Each structure stands twice: as structure tokens, then as C-alpha cells.
Protein chains: 2
Amino acid sequence: MSKANKESFMDKNISRRKLLKSAGIGGVGMVIGASGLGGILAAADSHSISINKDDKDRIPFYGEHQAGITTAMQSSVYLASLDVVTDKKAELIQLFKEWTEASAAMTTGRKVGDHSTNDLLPPADTGEATGLSPSNLTITFGVGPTLFIKDNVDRFGLLSKKPDELVDLPKFPLDALEDQWTGGDLCIQACSDDPQVTFHAIRNLLRIARGKVTLRWAQEGFLPNRQANEQEKTPRNLFGFKDGTVNVNTNDTKESSEHLWVQQNDGPSWLTGGTYLVVRRIQMFIEVWDRTTLQDQENTFGRHRSSGAPLGKEDEFDKLDLDRKDENGKLQIPDTAHASLAHGKGKEQILRRSYSYSGGMDPKTGALDAGLLFMSFQRSPKKQFIPIQERLAKKDELNEYISHKGSAVFACLPGAKAGGFIGESLFTL
Amino acid sequence: MSKANKESFMDKNISRRKLLKSAGIGGVGMVIGASGLGGILAAADSHSISINKDDKDRIPFYGEHQAGITTAMQSSVYLASLDVVTDKKAELIQLFKEWTEASAAMTTGRKVGDHSTNDLLPPADTGEATGLSPSNLTITFGVGPTLFIKDNVDRFGLLSKKPDELVDLPKFPLDALEDQWTGGDLCIQACSDDPQVTFHAIRNLLRIARGKVTLRWAQEGFLPNRQANEQEKTPRNLFGFKDGTVNVNTNDTKESSEHLWVQQNDGPSWLTGGTYLVVRRIQMFIEVWDRTTLQDQENTFGRHRSSGAPLGKEDEFDKLDLDRKDENGKLQIPDTAHASLAHGKGKEQILRRSYSYSGGMDPKTGALDAGLLFMSFQRSPKKQFIPIQERLAKKDELNEYISHKGSAVFACLPGAKAGGFIGESLFTL
């Protein structure tokens, strides 16, 4: 730690304990080497971009798992799918090191990179988040199938490490996938409660990666503003229905181990503590939906629009009773309803973390270009997402109102310890 | 007022005074007819969609001027440019009446339309804002030149009322306008602190207008989350610079009369109390900017990036001294700097109310598709916006980093009194 850094560090009266806490390394059972600690302290310079000098609105970047997965959903997302253009593994490793450092900085409300103001250089940080709260920013990295093998080439000598699970999803009936929304060697998901902070994160990470990766596709999304609506628990999608009522309880370690995190024996070992992200860019035919009767809408979802309760029930969290019949012997929740098919026999559980998107008008049709950036995290796409989507694709009533335009699968890397870097277990162990 | 409405009204313990206040009709010197008051009271049903039962986060819709012009900028915008497809003036008038009613409902946190839940009909309100705060929603309507004359046809018998000012902007040097971002018979600007509330407003207004108008183009935009950043006054654009430092002071009646609101003698009389909106969709070449030195960036804007102060000054609000020279006799602020050219001799002042936009990746270039949805309100485009833009288009250094892709001019109608409707002075007086 340089003298200048030490002075500014003391100037700010940030206690070491508090610093460690905000860096997310006060956790139970976490061991950090001297180099890791040094990295943290060296980062404690005076160039905070944030007006919040306390821990408010900060989500620790370092930890056993990456943030942005079990983190309570923020109100904006920017998902970037990337293609790697360098063919040098060392450059890729260096990139993940730089991304880790930059992400740790931004998520704690600090600027990216060297903060000397040499005005004969481009600024290290692009500046649009200066003065803004860290806004619960999380940054989550994943690797796609094509990082391991593309056009039959083992690009980075990683093929032996490729998980069997990490393959493109099968083509489902009615899929209308477009290349421009599909696939990717890598992904970065940035989420925060401020679209400007979210944009700043992706933009600066792309900038760091210049010449090594290119943007393949990107999609922003939103949820209702959390600060203004704390009472509202389950956000509504653009069809007006609550979305995400049934979800993995991430506060329950057993549920998370069973459904979310890749376990030691699942293999490969570098992914232990990671998870799989499935992304589906689902266009919603807003105008068609809006001409549909409430009864049809509710039968389509299998839930009441107002309360979110299963049809015939009162409360959003009432149990889905799929066998219950009405007085005429008809299933109360049609077996073609979205909730019924998504639930199936209740075996598959995934952690849904989806956002709405809106991109103005679709110039081809003149209709609103809006929908759902569906994202789910799961331990095994084969055992969880795929069987659910097979049921839905076959006979979900909702298919009349939506179209799957994009698709991608990524293995989300395990978290990094301070001093280490995201991807370390994949690239170097 | 029906008995049912009256009962629910009493149930909620909303005092008449408070209701009048939240409807924005407690203002000084405001006269309302009996029918106007009746309209308000009839609207006080029990179908609030909002969790906020008080006046928090509500901006009055009714008033001398439309809201969303001098309103403190909310953090999200949805601008919709529309083409009228009906050829019946009566339908157009009916549409503005329905829009007025729906806007008054949504801005006070109520659902649109009939709230009976007949499940054999499509719901009157699309539902995605249910449970959300009104989030300071404002809805602002404007009319474009082509509403008055299109293909040499006086479509609605309004040609004699067309303001001389309401014409397409001249083609400026370097303009790269695309049809898909240009023009429009009508516009609706919705702004709120929640993108879901903003989307809901535009979507429901479009739905009401089905068969009468079509969407021509649309653009969403954002600013930093206000709730999290109250200390930060002037938002930064995506080039990292504060944007909007010099602006009309809307708290100063004299300034507003001089620069913002169309006055009685400006003509035509139906627009008195209205204003002109200029929209420019300006693409920003993010990646090019990010390779530019800080010195070049600051010389381009004529301001320091960090503080926002004019070059050579300390404070954001220090006076722009355009004649000041450095020790070598060189102008401290280059005469090609954006701030210098925008300021000119200081004669033209406009009310800027611009938002950043980001639409993922531009599939043609692979670059970020981001920029500024520039919007300014002014009493006279000819005397204010056009001379400024002529100076900028000629030699603004910033032109190297931006491209004007869209353009439109609208006359923003004066405000409506409760019981009246937006557009009343244009269509019926």
C-alpha cells in the first residue's frame, strides 16, 4: 500500500474492519491469503465515485458464489453476450483478472482503473456514474459452450473441462430463435437499482475487453422501482400477472444445494459453487393479449390476475392443486395453463430471475417491441429447465401470445475470493 | 355520483379538499364548472391501483400548463410519436377526451377505464402497474405539423389554425435523419420514476387509440435514479459530462414567460400557455469517445468533466466567460466547444429536458446503440432552438462523436381544466 493511498485511506476514516466487511471478506469460514488482503487494501484509494460512504446499497462482489444470482432482484439489468476474438489463453486470463478488479471497484462505488487525472490520456473510468450510489450493483460472469469448442476447434485447450451440461438447448416446438439474440462465448449480467449505474458497468467492462472480445448481443431490462414499492413482493410481467411466485427459496441452504448450485460430485470440479444460466428472450404480443378477455387471460396463466392466486384460490402463495375439479368435473386449472405445465409434478425447481424489456416499436410490424428477458439459474439444465420447457412448448396456452426469439446457456463461474479472480478455477487449476 | 361510488369514496376517508388538491384544482384563480367538478368526483372510485393513498409521488395532471414540462425530471421517459389514421375529426376529439380521462386516472394512481371485473371482457386496464406507486407520472401531449396538413390535404379542417412555427426543422449540416425516427402527427411523452409505470401509461394510451392512431416511432430513456441520489443535481450524459447546467429557471415566472410558454400575442390563440417541443434522437459514438483523451473531451464540451465547471473555473454554475484567454492569448474555452456554441451570445434560452437512451447493440456495427433523446421546450423554435442548432451543426467539436438520427417538432397543447380535455382549445374553440 503506497503512502499516498494510506493517507487518503486514513483521511476517509474508513476502519479496516468496515472495509473488509464492505469487500465481503468477513464471511464465516473464509480464508484469504496475504496477497488477497493486499489487493483489497491497495484498492482503498480516495477515488470513490459514490456519495454513499457507508455500506448502504452495496452488495459484496467477492464470496463463495457470484453475486447477482441469489441477490434480491434489482430494478434494472443489462445482459451482454460476448464473443471472444483473441486466440490467446493468457489474454483471456488477464481479461478476467481485470474484469474482477473493475467489478470489485464498481460494486463498492469506486471508479474503474487508474485514478490519476492525466488529461493526455483517455480517462480510465467513463464517468457517467460519478456521484451516483452503487445502487446494489452486481456483476455476474458466465461462459458459454462455444468458449470450449467452436467449429470443432478446442480454442483454448479447455475442451477437457467442458461440462456435459453446457450445450445449446434443444430446439423446442414453436421456437423462433434469431441469430442476433442467440448464443455467446461469454456473458456478463449487470444488475442494479439505477439504469445508469447498470449501463456504466457493462460499458466499462466492454471497454476493458476491447480487442479481446466483441459484443454479440445485448438486452436491457427493468422491474418496478423497488424503493417506491417495498410492499409489493412479486413483480408483475407486462401481461399484468405476477411472475416468480414459485421460486427456489435461496434462504434455504438445502433447497439451494439441491436446485441451484453445482455440487462437488456433479462435475467438473471447477464449476463447484457455480450454476447454469438459461436466457430466453421472449417477445410478448402485447396488443393481442390486450384484446383477450380476463377469463381467457386467467385460464392461460392458471392464476387470478389481481391476486396472483391459483384459479379458485384466494392467496398468491396458496398451493397449486392441479387435480382439483369444479362442480362440473372440469379441472379448475386447465392442464394447458402456464402455471400447471410449469409446475408439472413439482419435481423441477429453478431460480427464475427475469426482467421485462421494452425497445420502443418493432419497425417490421408497428407493434410494441416488448417482452420478457427470461433468466433462470439451475444446477442442471437437463434435469430442470429442459423438461419444464418441453412441457410448455408442447401445449402452453401462453404460446399463442409469445415467441421465443433468443436463447443462450452459460455456466456461471463460482465466486472469487478477494485476491483471486472470477474464472480462476476454470483457467488455471 | 353513484351510490356505490359514494360509499367507496367515504370508505376511503378521502376528504373532498384532499381530492380536489390531488386533482390539481385547488390552484389560485382556477375556475371550474359544475360539470368539471362532477367529473372529478365520479372518478373517485375505489379502484386505486396505487399503494400510496396519500398525495406522495403524484403530480397534478390538470392545470394551466401540461405537466411533464416544468416538472422536475423523473428518471424514466417513454416518448411515442403517432400517426393519425382516422379521417374523422369527431373521433379525434373523442380520443383526446378519453386520453385526458385516462391520463388523469393514471397520474393519480388509479386504473384506466371501467373497473367492473367482467371476466368475459378484456380488462380495461392492462394491469402491470397494479400495486405500484404513481411514481410522479406525467403525461404530455403534442401535435405535429402533419396533423394540420399532409400531402397538401387539410385533413381535419385545422389548417387555418396551424402555427407558422410548427414546421419541420431545416436540414442542418451533418444531419443523418432516418424516417423511422422522424416526424409524427401527435406525440405523447410519459415520464415517471418507474419504467414499468411509464410503459404502462403509453401502452394504455395506445390501446385506447386503437384504430384511430398508429405508432410511428418510440424511444425510451433514463436518468439516474433520483431517490438514491438526491444530492446530485445535474445528471450526467453517457459521455460522463453534466448535461443541463444552463437551463431556463422554471421557478422564475418572467423567464418562463419569455423563453418557455407561448404568449397571447404570439398566436395562434389556442396555443397560449402551450410550448414547442423539439426532439432530436442523437446517437453517441460511445467507443470512439472512450478512446479520446480527457483534455480533448473537456475541450469538446468546454467544461471540466469532474465538476462541470467552465474550463478554467471551479464551480459548475460559474459564469461561462467566452472571451477569457489563457497566458498564451488563447481562448480558455475553444470557440468550437459545445458549451461555447450552445451559449452563443446568451440570447437564446431553451428548457432542456433530455434523457439518455440505450438499446443494446447496433446490429449493423456491433457497437453500443446509445445516446441522447434530446428534448427541449421553447416558446419559439425559430428564435431559440434553430439558431442554437445552426451554430452547433456548423462547428461543434462534439459532432465528431454524435449523429442526429431522428427529429420532430410538436406544439405541446396548453393544460386542461378538470372537466375539460387536452386539445380542447385546438379542436373546439
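None of these values were measured; they are calculated from a predicted model. Side chains are part of it too, since the values below use all heavy atoms of this structure and drop only hydrogens, waters and symmetry mates. Letters A, B, ... are given to chains in the order of the sequence lines, protein chains preceding strands, and every chain is numbered from 1.
Proximity to chain A is limited to the side chain of A370(B), based on heavy atoms less than 4.5 angstrom apart. Heavy atoms of R216(B) lying under 4.5 Å from chain A belong exclusively to its backbone. Heavy-atom distances place the backbone of T292(B), and not its side chain, under 4.5 Å from chain A. In this structure, chain B has a heavy atom under 4.5 Å from the side chain of Q297(A), while its backbone stays farther away. Of the atoms belonging to N204(B), not a single heavy atom falls under 4.5 Å from chain A. Using a 4.5 Å cut-off between heavy atoms, P363(B) contacts chain A through its side chain alone, with no backbone atom that close. Only the side chain of R207(B) comes within contact range of chain A, with at least one heavy atom under 4.5 Å from a heavy atom of that chain. Heavy atoms closer than 4.5 Å to chain B are found nowhere in D369(A), neither backbone nor side chain. With a 4.5 Å cut-off on non-hydrogen atoms, L206(B) touches chain A through its side chain but not through its backbone. Heavy atoms closer than 4.5 Å to chain A are found in the backbone of L121(B), but not in its side chain.
The 12-atom threshold is not exceeded at CG of D179(A), counting heavy atoms of other residues, nucleotides or ligands nearer than 6.0 Å.
Proximity of a side-chain donor or acceptor of R305(A) to a complementary backbone N or O of P123(B) within less than 3.5 Å is not detected. Under a 3.5 Å cut-off, the side chain of Q219(A) and the backbone N or O of G360(B) do not form any donor-acceptor pair.
Nearest heavy atoms, L223(A) versus P195(B): O-CG, 4.2 Å. Closest approach of R236(A) to T130(B), counting heavy atoms only: NE-O, 3.5 Å. The two residues L215(B) and L368(A) make their nearest non-hydrogen contact at CD2-CD2, 3.8 Å.
Distance check: E220(B) CD to F222(A) CZ gives 7.5 Å after rounding to the nearest 0.5 Å. With rounding to the nearest 0.5 angstrom, the CG atom of N225(A) is 6.5 Å from the OG atom of S75(B). Put simply, CZ on R226(B) and CG on D194(A) are 12.5 Å apart, with the number rounded to the nearest 0.5 Å.
Using a 4.5 Å heavy-atom cutoff, the side chains of Y78(B) and S358(A) are in contact.
Contact check on D290(B) versus R210(A) returns no salt bridge, with no Lys/Arg side-chain nitrogen under 4.0 Å from an Asp/Glu carboxylate oxygen.
Put simply, of P122(B), A218(B), A80(B), the one with the most heavy-atom pairs under 4.5 Å next to chain A is P122(B). Of the listed residues (I286(A), N237(A), I202(A)), the one with the most heavy-atom contacts under 4.5 Å to chain B is I286(A). Ranking G127(A), G366(A), P224(A), A367(A) against chain B, the residue ahead of the rest is P224(A), based on heavy-atom pairs under 4.5 Å. Ranked by heavy-atom pairs under 4.5 Å with chain B, the list N118(A), V197(A), T126(A) is led by T126(A). Among the candidates E128(B), E298(B), E287(B), Q196(B), the residue making the largest number of heavy-atom pairs closer than 4.5 Å to chain A is Q196(B). Interface remark: of the candidates D193(B), D296(B), L294(B), L79(B), L294(B) forms the most heavy-atom pairs closer than 4.5 Å to chain A.
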